Structure formats: C-alpha cells, structure tokens
Participant: 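Pasting a structure here, questions to come.
Owing to the predicted nature of the structure, the values given are computational and were not obtained by experimental measurement. Letters A, B, ... are given to chains in the order of the sequence lines, protein chains preceding strands, and every chain is numbered from 1.
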Amino acid sequence: MSIIDAINKDFESRVRLGMLSVLLVNEWVDFTEMKALLSITDGNLASHAAALEKKEYLEVKKEFVGKKPKTSYRITELGRFQFTQHLNALEKLMRP
Amino acid sequence: MNTKVSDDLAHIRSMMERSSRFISLSGLSGVVAGVIALLGAAIGYYLLSQSPSYDTDIANPTPQVVKYFSLAVGILISALGSGFVITRNKSKRLGLPLYTATTKKMLWSLAVPLLCGGIFSLALIYHENFAYIAPVMLIFYGLALCSVEKYTFEDVKYLGLLELTLGFCNLFLLGYGLLFWTIGFGILHILYGLILYKKYN
C-alpha cells in the first residue's frame, strides 16, 4: 500500500477536517457550537454532517431542550480510527 | 501539495485548540480585576490605619471581621462582574458561543478548589484564626488557576504557581496578609493581564 492510499478521500474538505478535529478532542459538540467554531453556514454543516454520518464516522443525537431542537455530534470508533490514519498519513507526507 | 498538507495540519491543530480551550478570556479582565484589588487594598490599609492590627480587639473581633469581610466580598463581586462583561464582549467579537461544554468544564475545575478554599476560610473565621485566611485564600486560588490551565491559556498555570508561592510565603510570615494580597491579587493580575493581552489580543 502506498502512502497516498492512506489519505482518505472522505476527509478532503476543510469543513470535514475541522469537524473531525473538533470531535477528536471533545465529547458531544452541538450544532451551533460547531457552526461557530468552523464559521460556516447551517446548510454547509448539515450536509457535511449527513455525509459523515452515512459513512458512520460520526453519530448524531437529536433532542429537545425546552421547545428548541438540539442536534449534537460525536465521533464514532470507526471515525476516530479512520481520521487518525488520515492524520498519520498527512504527517508522513510532510516528513518523508 | 506539501503546502496544502501543511495548511491542513495547521487547520486541524487550530481547530483542536480552539474547540477544547476557552480562549474568550481577555487579559483586560485581569488588568481590571487587579486595579479593583489595588483599590480594595487601599481601603484595607485605610481601615487598618484606623485600628492598627487585626487582633487589637481580641475580646470582640466581630465588627472588624465584618468590615474586612464585606470589603473582600465587594472586591470579589466587582472583579468577577467586570471580568464577566469583558469576557462576554470578547467572545462576541470572536463569534464564539460563551457557554459551551469547554466553558462548563473550565468553570467546574475553577469552582471545586475555590469553594473548598471558601469553606476552609469560613472555618478559619469561625475559629478566629484570622491571620491564616489571607495565605489560605492565595493558596486555594493558586490551586484553582493550576487546575483550570488545561481549559484555557496555558500561561494561567504560571500565575497559579506565583500565587501559590506568595501564599506559602505568607503562611510563614503571618500578619502581612494585606501586603501579600496586594501583590497577589493586585499587581500579579495587572502584570499577567498585560502579558495575556499583548500575546493574544
């Protein structure tokens, strides 16, 4: 397997890199917090989150706080594994 | 390719840092808290000059204690209040939510040592060991800063260590509480506030 194979296509976008980095060092992170951290729009975050959820890299929790719906994200074991692999590959690229 | 990768890695690092540490803390709030503490210390010195020492009136220390206690509480409330307002403004400017999971963790790690210190000091007042209150508060405050360091700027740890040092010096030089407080809560806060402000604002 060459070094490039470990670079995961799923993590190519900046938004996804950011989301996974935030989730790697935090437990549950809610939608508004994530949006503010990455400074992106609702739609942008929602679509990337949906794609990552479909890949089972993150888990989504929807609940009500009072009358307001609240969505939170958490990284899955698979997501953690894949993202760490991806990071290692990136670092290897930097220091061949 | 390499620049893109290094950009990506820098982005990842900054996201991890930004999301796991409370960076809305402003050095300015340290400066303001320090100035308030110095004002409070000035009032304290004035009160002391009216009646030379803590323990002149051993038979009836209550009015003295009430005076210093309300002064201390007044300083604490105004310092915390101004700190809160400055922090809220900074987080608004950064576009970060103020109350996040990280904030909660930060407040919790501050609250445990501070509450313990508060209860400890109340017990000291109860037993009329007034001279120990100042060093004990400095020590618990130093511990609180050392424990909160994981959730905000790392530099806070060194402030904590300095407060601890002052507290222990005060413990061996009982009776100079006001002097040590002026240094610890006044001068150190102003210095640290300026350093943080220059470094991060």
Participant: Hey, could you give me the CD1/CG distance between B:Ile12 and A:Leu90, rounded to the nearest 0.5 Å?
Facilitator: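 CG of A:Leu90 is found 5.5 Å from CD1 of B:Ile12.
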Participant: If you count the non-hydrogen atoms of other residues, nucleotides and ligands that lie under 6.0 Å from CD in A:Glu63, is the total more than 12?
Facilitator: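 Buried by this count: over 12 neighbours within 6.0 Å.
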Participant: Heavy atoms only, distances under 4.5 angstrom: which of A:Val22, A:Leu24, A:Leu20 has the most pairs with chain B? Name it, please.
Facilitator: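 Winner by heavy-atom pair count: A:Val22.
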Participant: Please tabulate, for side-chain N and O atoms in residues 154-165 of chain B, each donor-acceptor pair with protein atoms closer than 3.5 Å (sequence neighbours left out).
Facilitator:
unit_1: B:Asp155; atom_1: OD1; unit_2: B:Tyr200; atom_2: OH; d: 2.8
unit_1: B:Asp155; atom_1: OD2; unit_2: B:Lys199; atom_2: NZ; d: 2.7
unit_1: B:Thr165; atom_1: OG1; unit_2: B:Leu161; atom_2: O; d: 2.7

Participant: For atom OH of B:Tyr45, is the number of surrounding heavy atoms from other residues, nucleotides or ligands below 6.0 Å larger than 12?
Facilitator: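 Buried by this count: over 12 neighbours within 6.0 Å.
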Participant: Sub-4.5 Å heavy-atom contacts with chain B: which residues of residues 29-49 of chain A show up?
Facilitator: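 Residues of residues 29-49 of chain A touching chain B at under 4.5 Å: A:Glu33, A:Ala36, A:Leu37, A:Leu38.
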Participant: For A:Arg14, what residues pass the salt bridge (Lys or Arg N to Asp or Glu O under 4.0 Å) criterion, not counting sequence neighbours?
Facilitator: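 For A:Arg14 the salt bridge (Lys or Arg N to Asp or Glu O under 4.0 Å) partners, ignoring immediate neighbours, are B:Asp8.
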Participant: For A:Trp28, does the CH2 atom have more than 12 heavy-atom neighbours from other residues, nucleotides or ligands under 6.0 Å away?
Facilitator: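 Yes, because the 6.0 Å sphere around CH2 of A:Trp28 holds more than 12 heavy atoms from other groups.
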Participant: What closest approach, in Å, do A:Asn26 and B:Ser20 show between heavy atoms, and which atom pair accounts for it?
Facilitator: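 Shortest heavy-atom separation between A:Asn26 and B:Ser20 comes out as OD1-CA, 4.1 Å.
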Participant: What is the minimum heavy-atom distance between B:Met16 and A:Ser21, and which atoms define it?
Facilitator: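 Looking at all heavy atoms of both residues, the shortest contact is CG-O, 3.4 Å.
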Participant: Got a sec, which residues hit ring pair (Phe, Tyr, Trp, His ring centres under 6.0 Å) with B:Phe185, two or more places apart in sequence or on another chain?
Facilitator: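 With sequence neighbours excluded, B:Phe185 shows a ring pair (Phe, Tyr, Trp, His ring centres under 6.0 Å) to B:Tyr141, B:Trp181, given in chain and number order.
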